[in-house]
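A short worksheet on the structure shown next.
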Amino acid sequence: MNGLHDALTPAGPQALALFHLWNAMLAACAIVFVLTMAALAIALWRAPRVTERATPDLDSHPRKTAALRRSVGWGIAGSSLLLFVLLLASFFADRALSALPLEDAVHIDLVGHRFWWEARYEPNAPELTFTTANELHVPVGRPVLVRLRADDVIHSFWVPSISGKKDLIPGRESTIALRVDHAGTYRGQCAEFCGYQHAQMALVVVADLPAEYERWRALQREPAPEPASPEERRGLELVEQTSCAMCHAIGGTRARGRRAPDLTHMAGRGWLGAGAVENTAKLRPEWIANAQKFKPGIDMPPIDAAPDDLAAISAYLGSLR
Ligand code: CUA
């Protein structure tokens, strides 16, 4: 799946705070490693050559014993001080993560399902709300407050270029505030083992320039476009009459299922099945016919449909821009 997935290329203030913390810890650990190895090398170099099996008798070398005690004391003091400094750095990085001002924030309810993401924008403003799946768009430079919930088991929200991880826990609500300062596409991944297809539970975050974001948002609020050809119309009929409509919703049609990703504007998304398969005219019919082939164990059953019908369903879904 495309998109930057790299905690060392921060695209916003949260990822930047974690990046600084990471660098500080790497530097501290590198220095400790080098000093430890140097001390070990010196000790080996200066160790007396043992020629006969004899238990070293430290009591007969009081000066050596005192030097050894001093060394151990300095080691403990140095390690404690370093750990305390790292603890402080970690504390202030954590404070920086939640210091984001949230006026004019975009609100998103994100629900983790096995094995996909349901996103509801502006859940508290009925005139602005809409639902989408597996691909979030956010405006560059504006804060985003994501409320996290889980539908079944524990999942974890993690988009390394944007922020740290936060768990989605059944029966509990948590929030994560973030901001993306560079336009681009960022890859996220469920970071808590949640079952067979945990590895294929990806999430795309697209950071748009504000005008572009407003266009996307306005489009998402629209019902699905009308079928433009007889084949697409046939596809819509099939979707409404078969099991598709029991799980999926398509705005403005009779498909109103809520168990599976909302498909109202699914053609605008780059991937199917939370990053499992590219959303192309070639692969879409294969996915619809037998999603189990690509992502075994998910809820979507194989569909026993004639090739023409599959092509019609795929053409209709491909028209849902
Ligand atoms: Cu959801 Cu791992």
Side-chain angles (χ1 to χ4, degrees), residues 1-9 11-12 14-15 18 22 97 106-121 123 130-138 144-178 180 185-207 246-249 257-263 266 269-279 283 287-288 290-302:
M1 184 194 231
N2 306 330
L4 191 62
H5 185 96
D6 182 5
L8 304 184
T9 313
Q14 280 74 33
L18 293 173
W22 190 88
L97 293 187
V106 176
H107 288 80
I108 304 174
D109 267 7
L110 192 66
V111 183
H113 299 270
R114 297 203 306 171
F115 302 93
W116 59 283
W117 306 88
E118 176 184 1
R120 189 155 186 81
Y121 277 66
F130 62 86
T131 301
T132 181
N134 300 331
E135 187 174 307
L136 303 179
H137 282 241
V138 298
V144 181
L145 187 63
V146 188
R147 189 162 59 171
L148 303 166
R149 287 187 297 124
D151 179 42
D152 32 44
V153 298
I154 302 176
H155 304 272
S156 186
F157 173 88
W158 186 43
V159 190
S161 305
I162 299 178
S163 73
K165 292 174 189 164
K166 190 106 180 195
D167 281 1
L168 294 76
I169 299 172
R172 288 185 62 171
E173 259 182 31
S174 49
T175 54
I176 187 166
L178 44 97
V180 189
T185 303
Y186 304 95
R187 185 185 182 280
Q189 167 70 43
C190 177
E192 177 69 48
F193 182 73
C194 52
Y196 191 15
Q197 290 300 340
H198 156 71
Q200 296 211 75
M201 186 168 167
L203 173 73
V204 187
V205 178
V206 183
M246 288 162 65
C247 298
H248 293 280
R258 283 269 156 243
R259 276 176 55 81
D262 187 294
L263 302 180
M266 65 92 74
R269 307 203 281 260
W271 294 80
L272 300 166
V277 172
E278 236 176 314
N279 187 5
L283 290 173
W287 171 266
I288 298 165
N290 190 5
Q292 299 291 327
K293 188 176 88 182
F294 301 94
K295 204 171 165 182
I298 59 170
D299 286 346
M300 179 142 156

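Start at 1 and go down the list; that is how both ligands and their atoms are numbered.
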Check: His5 ring centroid to Trp158 ring centroid under 6.0 Å
yes

Classify the side-chain pair Thr132/Asp262 by whether it contains a donor and acceptor separated by less than 3.5 Å.
no

Does some side-chain heavy atom of Val138 sit less than 4.5 Å from a side-chain heavy atom of Tyr186?
no

Partner of His107 under side chain to side chain contact (heavy atoms under 4.5 Å, CB included), chosen from Thr175, Leu145, Val144:
Leu145

Give me each pair satisfying salt bridge (charged side-chain N to carboxylate O under 4.0 Å, His left out) with a member in residues 147-161, each pair once, sequence neighbours excluded.
Asp109-Arg147, Arg147-Glu173

Pair Arg258-Thr131, side-chain donor/acceptor within less than 3.5 Å:
no

Listing by chain and number, which protein N, O or S atoms are under 2.8 Å from atom 1 (Cu) of ligand 1?
His155 ND1, Cys190 SG, Cys194 SG, Met201 SD

